[in-house]
Amino acid sequence: MNMTISKITALAVMTLCFTSCNMDLAPEDQLSTVTYFTSGTALKEYSNYFYRMMPDPETMYAEEGEHFVAPVPNDEMRGIRDIHSGEAYWSKDVWKTLRKINYLLANADQCSDADARTHYVGVAHFFRAYFYFNMLQRFGAVPWYDHVINADDKESLNRPRDSRDLVVRNIIADLDMAVDELPAMRSAYEVNKWTALALKSRVCLFEGTFRKYHAGTTFNGGSSVYSEVLPWDDLLQQCADASLTLMQEGGYSLYTTGAEPYRMLFATLTPQTEEIIWARAYSKDLDIKHNAQAWSVARATGFTKRYADLYLMSDGTPFTSQQGFDTITYIHVFENRDARMAQTIHAPGYIQMGADKSYAVNMQMTYTGYKYIKYIMESTYNTWGGSVCTMPIFRVAEVYLNYAEAKAELGTLTQSDLDKSVNLLRDRAGVAHLSMSDANANPDAGMISENGYGFSSPVLLAHPNKGVLLEIRRERLIETPLEGLHYWDIMRWREGHLFTLPRLGLYFPGEGKYDLTGDGKANILLSATKKSGGLGVTCLVFDQDVFLSNGTSGNMVAYKDMIMQWNEDKDYLYPIPITDRTMTSGALSQNPGWIDGLQY
């Protein structure tokens with residue numbers, strides 16, 4: 001079998017990421033750094049372990065929020081996380097990865113190959129930044145360790161948390177070094193200069209907006225733990241600068257091949273490298289798979305009406321400005337919309353890859369009717385644990401959005417900025433361009449109303465760029481669903497209350513038969529009692545198989561009678577584990593709002 005060198009390298013990395021690694025055969029303190037780290041090959045083999053930090057695909061395709069529902073909502077959505085909820089993300093195995101990274105940095109100077117040494121030190125700097133960004137998002141301030149910690153180093157093991165600002169500045173410093181040290185080659189499977197710039201873009205946008213929208217709260221200047229109000233504008237400028245450098249020098253562009261480019265960007269065995277900067281690869285031959293396809297086909301999942309309503313009409317006007325938009329039925333709701341809608345959600349006429357005809361959405365496998373088709377390939381991958389499509393981690397599309405949002409928040413956005421970022425996404429989607437002046441003059445009220453999307457931050461509502469910021473958020477929501485970004489977007493925007501809103505779906509005017517494919521033939525029958533609807537028609541009984549907002553009419557309802565909660569004073573961060581607080585005699589302080597019963 002002929003395989004390109006890049007694919008062989010990717011599969012080798014995958015093997016190291018998912019199977020026993022040579023580095024597990026002996027702890028580092030039994031390695032001889034004098035002999036082991038002397039070659040570039042050794043540095044490469046050792047650093048392959050770091051790729052285990054790549055996100056679990058389930059954190060992407062199974063992301064939850066007000067935009068997407070799973071069979072059962074997770075604890076974050078229900079607001080019922082307990083004091084132990086942070087333990088899995090602060091475990092020994094988690095911190096072990098940091099120790100391995102620091103071990104390479106401490107011993108790389110043993111390598112006589114200067115180019116290899118520079119390269120793999122860059123890899124280590126990238127992954128240390130990646131490690132700490134993941135910790136920052138969940139826990140805020142954490143101890144920063146830039147050296148190897150041994151078991152008898154009581155002082156280091158019992159250190160308090162460093163300031164959030166120090167952690168962020170060190171993350172950025174690591175990324176700046178990685179940008180200088182890593183090669184400028186484009187590789188979707190190995191970190192490089194562009195991967196480091198993409199991460200810097202994401203980090204600076206997250207932290208800049210988190211600080212801005214949380215100013216004065218318990219998370220930025222309003223608690224004993226976070227008593228200092230941290231500035232945000234420099235971080236957003238760094239986001240804009242890193243994004244622009246990648247956009248101008250990286251050679252990436254949007255994938256636009258074929259009739260459905262957005263859909264095919266995610267339904268592929270190998271990454272579309274003109275757009276995808278970094279991706280996680282899978283292989284049927286190596287039995288390295290995930291569940292993105294089965295999660296849609298075999299589980300009760302789906303997008304909400306709140307989310308589906310975000311897709312614009314092709315002329316750029318809001319769908320919610322259409323007369324009677326709330327009662328438009330499934331067969332017509334996709335008409336004249338942003339092309340990404342029918343390339344993300346199962347629409348009438350949808351044909352699965354490899355099939356020769358369309359089929360109706362399975363209403364018994366969704367609470368909302370809006371089933372996703374992102375990541376869906378041929379039916380042979382429908383089985384649980386059967387997906388092998390590429391999972392993108394960084395795309396240039398996200399960088400475009402980061403750039404536009406950072407500039408808009410800073411008040412320096414121009415129409416030219418929009419034309420080289422957001423409007424490129426709209427071109428691919430067949431949607432009229434976003435005009436900065438029009439958006440600010442006529443903000444979409446549906447984005448901020450209680451019955452619309454519900455954005456309500458006072459910081460946003462008072463912003464002179466409110467209208468264009470709302471449109472940039474719209475673009476982000478509809479461009480990046482199920483890519484592991486949404487939860488963190490809600491965290492940084494301080495819009496956690498959105499998770500408490502009801503999850504509604506398709507509208508049905510009442511009892512009767514409905515065509516879901518557009519061929520004029522009924523596919524489902526909604527009824528108060530179980531009855532036959534005829535050949536090929538599935539009967540769904542009210543309050544048993546389907547729940548509607550008005551009983552026998554209205555919108556589908558997910559999680560009927562389940563109460564969602566959100567605590568603005570604590571839920572934006574996870575708690576520090578009790579065990580670690582105890583072992584450090586309270587040197588590790590607890591995050592705001594979390595009561596663990598300890599007396600320090």
Side-chain angles (χ1 to χ4, degrees), residues 55-65 67-74 260 262-269 280-284 287-305 307-308 330-331 333-334 340-392 480-484 486 503 505-506 514-519 521 523-524 536-540 545-547 556 558-559:
D56 186 321
E58 189 169 328
T59 64
M60 303 169 74
Y61 65 76
E63 71 177 8
E64 296 182 48
H67 71 312
F68 185 79
V69 301
V72 178
N74 62 29
E260 296 181 297
Y262 183 83
R263 176 184 171 189
M264 300 311 297
L265 180 63
F266 304 97
T268 178
L269 298 177
R280 187 165 181 172
Y282 293 84
S283 169
K284 182 178 181 180
D287 198 29
I288 302 171
K289 305 173 184 177
H290 57 84
N291 288 315
Q293 191 148 321
W295 191 245
S296 176
V297 174
R299 293 293 185 271
T301 56
F303 290 107
T304 63
K305 173 177 170 57
Y307 178 77
Y330 174 77
I331 201 68
V333 79
F334 292 85
R340 286 170 292 189
M341 185 177 187
Q343 294 178 45
T344 305
I345 304 173
H346 187 142
Y350 163 69
I351 300 176
Q352 187 172 0
M353 289 177 62
D356 56 7
K357 61 181 179 180
S358 65
Y359 63 89
V361 61
N362 185 350
M363 297 297 291
Q364 295 175 299
M365 282 295 175
T366 176
Y367 293 137
T368 66
Y370 292 112
K371 292 288 286 184
Y372 77 84
I373 61 170
K374 194 167 183 173
Y375 305 118
I376 304 302
M377 297 178 63
E378 291 87 352
S379 60
T380 185
Y381 301 110
N382 283 356
T383 58
W384 192 253
S387 292
V388 292
C389 65
T390 293
M391 299 297 292
T480 65
L482 310 186
E483 295 184 47
H486 184 75
R503 274 67 161 172
L506 291 173
Y514 293 90
D515 172 17
L516 301 178
T517 61
D519 64 358
K521 300 177 182 178
N523 307 108
I524 62 169
V537 178
T538 301
C539 180
L540 302 177
D545 303 313
V546 62
F547 297 90
M556 295 177 69
Y559 312 143

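In what follows, residues are counted from 1 in the order of the sequence shown. Computed from a predicted model, the values in this text were never measured in an experiment.
- Minimum interatomic distance between Val546 and Leu540 (heavy atoms only, all atoms of both residues): CG1-CB, 4.1 Å.
- Atom CG in Leu516 sits 6.0 Å away from atom OH in Tyr330 (nearest 0.5 Å).
- You'll find the side chain of His346 stays beyond 4.5 Å of the side chain of Phe303, heavy atoms only.
- Note: Leu269 CG to Ser387 OG = 10.5 Å, rounded to the nearest 0.5 Å.
- In this structure the side chain of Tyr307 never reaches within 4.5 angstrom of the side chain of Val69, judged on heavy atoms.
- A distance-only check finds no donor-acceptor pair linking the side chain of Tyr514 to the backbone of Asn523 [under 3.5 Å].
- In this structure a side-chain-to-backbone donor-acceptor pair under 3.5 Å is missing from Ser296 to Ile373.
- Applying the salt bridge (Lys or Arg N to Asp or Glu O under 4.0 Å) test to Glu378 and every residue at least two apart in sequence or in another chain returns nothing.
- Lys305 pairs by the salt bridge (Lys or Arg N to Asp or Glu O under 4.0 Å) definition with Asp309, Asp326, not counting sequence neighbours.
- With a 4.5 Å cut-off on side-chain heavy atoms, Met556 and Met363 count as touching.
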Side-chain donor-acceptor pairs under 3.5 Å in residues 347-362, sequence neighbours left out?
unit_1, atom_1, unit_2, atom_2, d
Gln352, NE2, Met377, O, 2.7
Gln352, NE2, Asn382, OD1, 3.3
Asn362, OD1, Gln364, N, 3.0

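- At least one side-chain heavy atom of Leu506 sits less than 4.5 Å from a side-chain heavy atom of Tyr370.
- A donor-acceptor distance shorter than 3.5 angstrom exists from the side chain of Thr366 to the backbone of Thr301, with no hydrogens or angles considered.
- Of all heavy-atom pairs between Asp287 and Lys289, the closest is OD1-CE, 3.4 Å.
- Classification of the Tyr375-Phe266 ring pair by plane angle, with boundaries at 30° and 60°, yields perpendicular.
- Judged by distance alone, the side chain of Arg280 and the main-chain N or O of Pro55 form a donor-acceptor pair under 3.5 Å.
- To the nearest 0.5 angstrom, Ile345 atom CD1 is 12.0 Å from Lys371 atom NZ.
- Scanning both residues, Tyr61 and Phe68, for their nearest heavy atoms gives O-CE2, 4.1 Å.
- Across every non-hydrogen atom of Pro73 and Tyr559, the tightest pair is CD-CE2, 3.3 Å.
- The line from CG of Leu265 to CZ of Arg340 is 12.0 Å long, rounded to the nearest 0.5 Å.
- Within the 3.5 Å criterion, the main-chain N or O of Leu482 finds no donor-acceptor partner in the side chain of Lys374.
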The test is side chain to side chain contact (heavy atoms under 4.5 Å, CB included); show your working for Arg299 and Asn291 and say whether it passes. CA-CA 11 Å; Arg299 293 293 185 271; Asn291 288 315; over 6 Å; no
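- Contact detail for Glu63 and His486: the closest heavy-atom pair is OE1-N, 3.5 Å.
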Check against side chain to side chain contact (heavy atoms under 4.5 Å, CB included), Tyr282 and His290: CA-CA 8 Å; Tyr282 293 84; His290 57 84; 3.6 Å; yes
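- The side-chain heavy atoms of Cys389 and Tyr381, taken from C-beta on, include no pair separated by under 4.5 Å.
- Taking CD1 of Ile524 as the start and CG of Asp515 as the end, the distance is 9.5 Å to the nearest 0.5 Å.
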